[in-house]
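Report on one structure; see the data block that follows.
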Amino acid sequence: MAPGALADGAFTRLAAHSDEEMVIVTARAGQAVDGCLVGFATQCSIDPVHYLVCLSKVNRTYELARRSSALAVHVLHDTDEDRRLASLFGEHTEQDPDESDKLGQCLWTAGPWGLPILDGHDWFAGEIVYRYDVGDHEAFVLAVGPGGTPVPEGPPGHSVPRLGFQAVRALEAGNPP
Ligand SMILES: Cc1cc2nc3c(=O)[nH]c(=O)nc-3n(C[C@H](O)[C@H](O)[C@H](O)COP(=O)(O)O)c2cc1C
C-alpha cells in the first residue's frame, strides 16, 4: 500500500471531529488591512514563545501577510458576537474590496505595526520570524510580542468557552480551497 493511502481516510475522519480553537488573524501592508478566520493556528514553542498561523494562499489576508512583518491574532469565545465575527471574517473575502468591507463592520484600532486590533477581544501580535510553504497554505511563525486581555477571566471552569471548529464548521469559507 502506498504510504498515506489508509492514513488519508483515517485522517479525514479524525479531522472532521477535531475542535481547534478558532482565531481571527489580521494583517496590514501599507494602507491595506484585512483579516480572516483561521483554524490552523497554535503555539509552537515555549522558549522563545512562538505561535504558528497557516494562511491559505488564495486569501487576501495572505497577500497582505506576505508583504507584512507582523500579524495579530484574536481569540474568539462562544458568544453571539464572536459567532457573528467568525461568519464575517470566515465567509467574506476582500479579494474584491468593493464587494466587502469586513473591518468596516467592526470596531477596531491600529495597534503595533499598525495592525488592526478588534475592540473587546483578547489579542496578541507578533513579528513574523519564519515562513514555510506547507502546501496550499503558508505557515507564518510569530515571535509573540505585545497583546491585550480586555475579556475578564471567569473563575476557573466558569469562563465562556472558546469558539471551536465544531461550532463554525457549517460556515462556507469566503475563498473555498
Ligand atoms: C471554519 C473555517 C476555518 C478556516 N480556517 C482557515 C485557516 O486556517 N486559514 C486560512 O487562511 N483560512 C481559513 N478559512 C478561510 C478564510 O477565513 C476565508 O476564506 C476568508 O473569507 C478569507 O478572507 P480574505 O480573502 O479577505 O482573507 C477558514 C474558514 C472557515 C469557515
Side-chain angles (χ1 to χ4, degrees), residues 11-44 50-108 110-111 113-118 121-126 128-142 144 161-177:
F11 182 76
T12 301
R13 193 171 71 86
L14 292 172
H17 289 84
S18 69
D19 202 18
E20 291 91 359
E21 292 175 355
M22 307 303 295
V23 295
I24 291 172
V25 174
T26 55
R28 170 184 289 273
Q31 293 307 306
V33 289
D34 194 8
C36 69
L37 182 68
V38 167
F40 293 164
T42 186
Q43 184 174 349
C44 59
H50 282 170
Y51 190 88
L52 176 76
V53 169
C54 294
L55 293 177
S56 167
K57 294 174 185 172
V58 297
N59 288 353
R60 179 158 176 273
T61 305
Y62 166 71
E63 291 173 28
L64 302 190
R66 286 181 68 195
R67 296 187 275 135
S68 256
S69 57
L71 296 172
V73 177
H74 302 80
V75 172
L76 295 175
H77 291 91
D78 195 354
T79 62
D80 289 347
E81 170 61 5
D82 282 5
R83 284 177 180 247
R84 180 187 81 85
L85 289 178
S87 166
L88 180 65
F89 282 90
E91 296 192 288
H92 301 273
T93 175
E94 305 287 316
Q95 286 295 11
D96 181 354
D98 292 338
E99 292 292 314
S100 177
D101 182 14
K102 287 184 272 190
L103 283 162
Q105 297 175 58
C106 306
L107 294 173
W108 63 276
W113 294 280
L115 292 163
I117 304 300
L118 302 176
H121 284 79
D122 293 338
W123 64 277
F124 57 87
I128 301 167
V129 290
Y130 304 107
R131 300 167 194 232
Y132 302 101
D133 186 339
V134 291
D136 57 8
H137 285 57
E138 188 163 317
F140 294 80
V141 176
L142 309 180
V144 173
R162 298 279 180 85
L163 188 66
F165 172 70
Q166 294 300 326
V168 296
R169 60 178 298 168
L171 297 183
E172 293 185 21
N175 294 312

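The figures that follow rest on heavy atoms only: side chains count, while hydrogens, waters and symmetry mates do not. These numbers were taken from a predicted model, which means no experiment stands behind them. Each ligand, and each atom within it, is numbered from 1 in the order the structure gives. Numbering starts at 1 and runs along the sequence shown.
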What are the atoms of ligand 1, with element, lying closer than 4.0 Å to any heavy atom of [X]?
{"X": "Leu55", "answer": "11 (O)"}
{"X": "Gly174", "answer": "18 (C), 19 (O), 21 (O)"}
{"X": "Glu94", "answer": "24 (P), 25 (O), 26 (O)"}

To which protein heavy atom is [atom] closest, and what is the distance rounded to 0.1 Å?
{"atom": "atom 19 (O) of ligand 1", "answer": "Asn175 N, 3.0 Å"}
{"atom": "atom 31 (C) of ligand 1", "answer": "Leu171 CB, 3.7 Å"}
{"atom": "atom 11 (O) of ligand 1", "answer": "Ser56 N, 2.7 Å"}
{"atom": "atom 29 (C) of ligand 1", "answer": "Ala173 CB, 3.9 Å"}
{"atom": "atom 10 (C) of ligand 1", "answer": "Asn59 ND2, 3.4 Å"}
{"atom": "atom 21 (O) of ligand 1", "answer": "His92 O, 2.8 Å"}
{"atom": "atom 25 (O) of ligand 1", "answer": "Thr93 OG1, 2.5 Å"}
{"atom": "atom 18 (C) of ligand 1", "answer": "Gly90 O, 3.2 Å"}

### Query
Side chain of Glu94, backbone of Lys102: donor and acceptor closer than 3.5 Å?
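A pair under 3.5 Å: yes.
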### Message
Tell me if a side-chain donor or acceptor on Arg28 pairs with a main-chain N or O of Gly30 at a distance below 3.5 Å.
### Response
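Flag set: sc Arg28 to bb Gly30 pair under 3.5 Å.
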### Query
Testing Thr26, Asp34, Thr93 for side chain to side chain donor-acceptor pair (under 3.5 Å) with Thr61, which one passes?
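For Thr61, the side chain to side chain donor-acceptor pair (under 3.5 Å) check succeeds only for Asp34.
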From [X] atom [atom1] to [Y] atom [atom2], the distance as rounded to the nearest 0.5 Å:
{"X": "Glu81", "Y": "Leu163", "atom1": "CD", "atom2": "CG", "value": "11.5 Å"}
{"X": "Arg162", "Y": "Asp19", "atom1": "CZ", "atom2": "CG", "value": "12.5 Å"}
{"X": "Glu172", "Y": "Ser87", "atom1": "CD", "atom2": "OG", "value": "10.0 Å"}

For the 3.5 Å polar cut-off, considering only N or O atoms, please tell me whether [X] and ligand 1 meet it.
{"X": "Lys102", "result": "yes"}
{"X": "Gly39", "result": "yes"}
{"X": "Cys54", "result": "yes"}
{"X": "Thr61", "result": "yes"}
{"X": "Arg60", "result": "yes"}
{"X": "Glu172", "result": "no"}
{"X": "Leu37", "result": "yes"}

### Query
Less than 4.0 Å between a side-chain N and a carboxylate O, is that true for Glu63 and Arg60?
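No, this pair does not count.
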### Salt bridge present between Asp136 and Lys57 (N-O < 4.0 angstrom)
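Looking at Asp136 and Lys57, the cut-off is not met.
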### Message
Measuring from atom 8 (O) of ligand 1, which candidate in Tyr62, Phe165, Phe89, Phe40 has the nearest non-hydrogen atom?
### Response
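The option holding the nearest heavy atom is Phe40.
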### Query
Which bit of Asp34 gets closer than 4.0 Å to ligand 1, counting heavy atoms only: side chain, backbone, both or neither?
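Just the side chain.
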### Task
Of the side chain and backbone of Met22, name the one, both, or neither that has a heavy atom under 4.0 Å from an atom of ligand 1.
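Near ligand 1, Met22 shows its side chain, while the N, CA, C and O stay back.
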### Task
Scan Val23, Leu118, Val38, Val25 and name whichever one has a side-chain contact (heavy atoms from CB on, under 4.5 Å) with Phe89.
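Of the listed options, the one satisfying the test is Leu118.
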### Message
So is Arg169 touching ligand 1 or not, going by heavy atoms under 4.0 Å?
### Response
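For ligand 1, residue contact (heavy atoms, under 4.0 Å) with Arg169 is absent.
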### Task
Grab the two heavy atoms, one from Tyr132 and one from Glu138, that are nearest each other, plus how far apart they are.
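Closest heavy-atom pair between Tyr132 and Glu138: O-CG, 3.2 Å.
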### Query
Cut-off 3.5 Å, side chains only: do Asp122 and His77 have a donor facing an acceptor?
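No, because no side-chain N or O of Asp122 sits under 3.5 Å from a partner of the opposite role on His77.
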### Message
What verdict does the side-chain hydrogen bond (donor to acceptor under 3.5 Å, both in side chains) test give for Ser18 and Glu20, after you've listed the backbone C-alpha separation in whole Å, the side-chain angles of each residue and the deciding distance to 0.1 Å?
### Response
CA-CA 6 Å; Ser18 69; Glu20 291 91 359; 3.0 Å; yes
### Task
Could you check whether the rings of Phe140 and Tyr62 sit parallel, tilted or perpendicular, using 30° and 60° as the cut-offs?
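Perpendicular.
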